[in-house]
There are 2 protein chains.
Amino acid sequence: MKFDERHLIQLAAVVKTGGVTEGAALLGLAQPAVSRTLSMLEKRVGEPLFVRGRRPLQPTPLGLSLAEHGLVMLAASRKASDLVESFRVGKSGVVRIGGTPFFMDALIAGLCAEFQASHPDVRIDQSYGYFPDLRAALKADQIDLAICPIDILDEGSGLEFQQILPGRNVVACRVTHPLLLKRRPQPSHLLDYPWIAPPPGSPLLADLRALLLSFGATEIKIRYSGGSLMSVINYLKAADALTIMPHSVVFAQRKEKTITALPITIPHPERALAILTRVDAPHSPAVDQFAEFVRSGFQNLRHLIKRHEESVIWGL
Amino acid sequence: MKFDERHLIQLAAVVKTGGVTEGAALLGLAQPAVSRTLSMLEKRVGEPLFVRGRRPLQPTPLGLSLAEHGLVMLAASRKASDLVESFRVGKSGVVRIGGTPFFMDALIAGLCAEFQASHPDVRIDQSYGYFPDLRAALKADQIDLAICPIDILDEGSGLEFQQILPGRNVVACRVTHPLLLKRRPQPSHLLDYPWIAPPPGSPLLADLRALLLSFGATEIKIRYSGGSLMSVINYLKAADALTIMPHSVVFAQRKEKTITALPITIPHPERALAILTRVDAPHSPAVDQFAEFVRSGFQNLRHLIKRHEESVIWGL
DNA sequence: GAACTTCATAACGATCTGTTATACTGACAG
DNA sequence: CTGTCAGTATAACAGATCGTTATGAAGTTC
């Protein structure tokens, strides 16, 4: 006995509403269509599904049981419809993002949480990597979106770059670092302290090498490397070490009052934080929504940084 | 976005099996039918449901989510089919039985349990009543089956009677009753003990009156009445009282060694225990199965009683 | 018992389904 | 690189089914 699922749904509607006419209305059908379905079902099943001549229409036990299954289908069908609707406006789906560890940990994770306040049914799968990996992952359709610093000369055939934050590095240290007591710390002083190197593969690592060499270091004294942001921060909290970090990452930690940036200007890398997407990516509303959210989030961040620095200047 | 449920089921089958061809086979369809459904779905939804050119066919997140709903429907559909199959052979459904209290309590309840060992999905709704109520309940389609003693002259227009046990009453007492010590108790002795009367409405009540009067009682000394079987048994356990009961009911209690029948013959009532059904009752396999089970159960009981009495005689 | 509501049936056009036949595409081997 | 192979998409068609309107039958209510 194989059923047409639609028939069971019609049965369920009739049982639920207690009448053929009402059941038909519930499904947006004309009454005779449903009536015919019921007759057909009873003939196929060979058992009465309703007690005839009773109003409100009373189902037999078998009719009732069958209707329950129909109701399950009706609910599933409705859910499927809702799913597509919410997917269309970006309210459901999956967003697979990849990015460099520091940015992800310091900035993106929090943004994800904020995003899901308004998009609770969007799942976010996060992964880590540096530009070459991320580019490959994008092209292999393993991620929808990459957030990473790119050199202005990086070529991304088939990729779209959207710059969201200018590249700007600072030297980070704990808030009790002795160098912060000097009115105008000199680059040469920096070489007196142990250094933490960013993980291999990070563009920051190259920045650090260039920086230290420009300060006249003959050899680079690395005490610790390879840790994630949390490791680096915890290390910094416990020692007068120094490291190089994107300004925005240090800025995002300002509330914690554990690390800060030395008031010393170092060269801008020719680089910018960007959102990378495939130009031929399959359209996904949730991804679009998330990307837009990240863009506006970083725009706010830029303003915050600007105001923060102005207040510091005025505060001087 | 309204879906044809069948389409979602086809989608689910394809996702589940990992291929259009296999999915079609799972549903007993040709491959092009399913292929067309998928194209149509993608066009309607406006989003890709599968990553093209991948084998095994890989669904997009949206495709996967939709397929899950389809799977729910497929499962519900299968369950509905199974339900009808099991209903057809009487393995599921509802059986509404009514009967006289003593028989129901002593014999039928246990039979119900035995029946459900082989028919676990059949629900049994039990209610109590005497012949007039049961006949009315049958005609009003409130019960499917009545089990009660009927007078041979009861007319049951529109009802079918199936006799399952001849009428035979005994005088019941506790196993320690003093009358059991007498070799051949005389009817007159019976009047020396207090009597329990069956509930009003029970045909046993009339039997009791007739019996006592035939023994020469001028007035009927009733000490207790109206209780269910359990009450009567518990009363009997605690006093040297007597009562009248169907032999089968006393017999069913033999294992308990609490009550027994006095070895004294009393007149057969012109009555028999029967299964009553409406002749125009809607066909219900579960009811048929149950009725057949009850019939065979009582046939066994008859044999048991016969063998038991033979052994008692040989034992003498 | 009359008015009213609800359900069943009939007839019909449009749609959709499932089929077979066939062309296309990606995967794999030599 | 190319031929083969399995799997998928497309085309065309016959038949079933759906949903509709119109109308008759049955039941409920006052």
Side-chain angles (χ1 to χ4, degrees), chain A residues 1-60 63 67 70 73-74 77 139-141 280 282, chain B residues 1-45 47-60 63 67 70 73-74 77 140-141 280 282:
Chain A
M1 173 72 16
K2 189 80 179 53
F3 287 107
D4 184 333
E5 290 71 25
R6 199 181 313 178
H7 295 163
L8 291 181
I9 290 181
Q10 292 184 14
L11 172 66
V14 171
V15 169
K16 187 186 170 80
T17 60
V20 179
T21 308
E22 298 92 319
L26 181 68
L27 300 176
L29 296 177
Q31 168 264 321
V34 177
S35 186
R36 180 173 53 192
T37 295
L38 294 185
S39 312
M40 203 268 276
L41 272 180
E42 293 197 327
K43 202 161 61 189
R44 278 176 59 94
V45 171
E47 304 283 342
L49 263 25
F50 288 92
V51 189
R52 291 303 142 142
R54 275 268 170 279
R55 224 195 316 269
L57 227 48
Q58 197 182 350
T60 63
M73 297 189 214
L74 180 57
S77 183
K139 295 205 173 184
D141 194 33
D280 62 339
Chain B
M1 173 72 15
K2 189 80 181 54
F3 287 107
D4 184 333
E5 291 71 26
R6 199 181 316 177
H7 295 163
L8 291 181
I9 289 180
Q10 292 184 14
L11 172 67
V14 171
V15 169
K16 186 187 171 80
T17 59
V20 179
T21 307
E22 298 92 319
L26 181 68
L27 300 176
L29 296 177
Q31 168 264 322
V34 176
S35 187
R36 180 174 53 192
T37 295
L38 293 185
S39 312
M40 205 267 275
L41 271 181
E42 293 197 328
K43 201 161 62 187
R44 277 177 60 93
V45 171
E47 304 282 343
L49 263 26
F50 288 93
V51 189
R52 291 303 142 141
R54 273 269 170 282
R55 219 191 311 277
L57 226 48
Q58 198 181 350
T60 63
M73 296 189 215
L74 181 56
S77 183
D141 193 34
D280 61 339

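The sequence lines fix the lettering, A, B, ..., with proteins before strands; numbering per chain opens at 1. What you are looking at is a predicted structure, and each value in this text was computed from that prediction instead of being measured.
Taking every side-chain heavy atom of B:S35 into account, D:dT10 is the closest of D:dT21, C:dC7, D:dT10. Distances from the side chain of B:P32 to the nucleotides C:dG18, D:dA11, D:dA22 place D:dA11 closest. The listed nucleotides are D:dT20, C:dA8, C:dA21; the one nearest the side chain of A:A33 is D:dT20.
Counting to the nearest Å, the C1' atom of D:dG27 and the CG atom of A:L57 are 12 Å from each other. When the P atom of C:dG26 is taken as reference, atom CD of B:Q58 falls 16 Å away, rounded to whole Å. Rounded to whole Å, atom C1' of C:dG18 lies 14 Å from atom CG of A:D4. Rounded to an integer number of Å, the gap from A:M40 CE to D:dT17 C1' is 9 Å.
OP1 or OP2 of C:dC7 sits under 4.0 Å from a side-chain N or O of A:T21. For C:dT9, the OP1/OP2 oxygens have a side-chain nitrogen or oxygen of A:S39 closer than 4.0 Å. Between D:dG19 and A:R6, a contact under 4.0 Å exists linking OP1 or OP2 to a side-chain N or O. Between B:H7 and C:dT17, a side-chain N or O to OP1/OP2 separation shorter than 4.0 Å is present. Put simply, A:Q10 has a side-chain N or O that comes within less than 4.0 Å of OP1 or OP2 on D:dG19.
In this structure, B:R44 does not pair ionically with B:E47, as no charged nitrogen and carboxylate oxygen lie closer than 4.0 Å.
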- Task: Kindly determine whether A:V45 and A:F3 satisfy side chain to side chain contact (heavy atoms under 4.5 Å, CB included), including the steps that lead there.
- Result: CA-CA 10 Å; A:V45 171; A:F3 287 107; 3.9 Å; yes
- Message: Does B:Q10 form a side chain to side chain contact (heavy atoms under 4.5 Å, CB included) with B:L29? I'd like the steps, not just the answer.
- Response: CA-CA 10 Å; B:Q10 292 184 14; B:L29 296 177; 3.6 Å; yes
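Residue order along DNA chain D, read from the 5' end via each residue's closest nucleotide, puts B:E22 first among B:R36 and B:E22.
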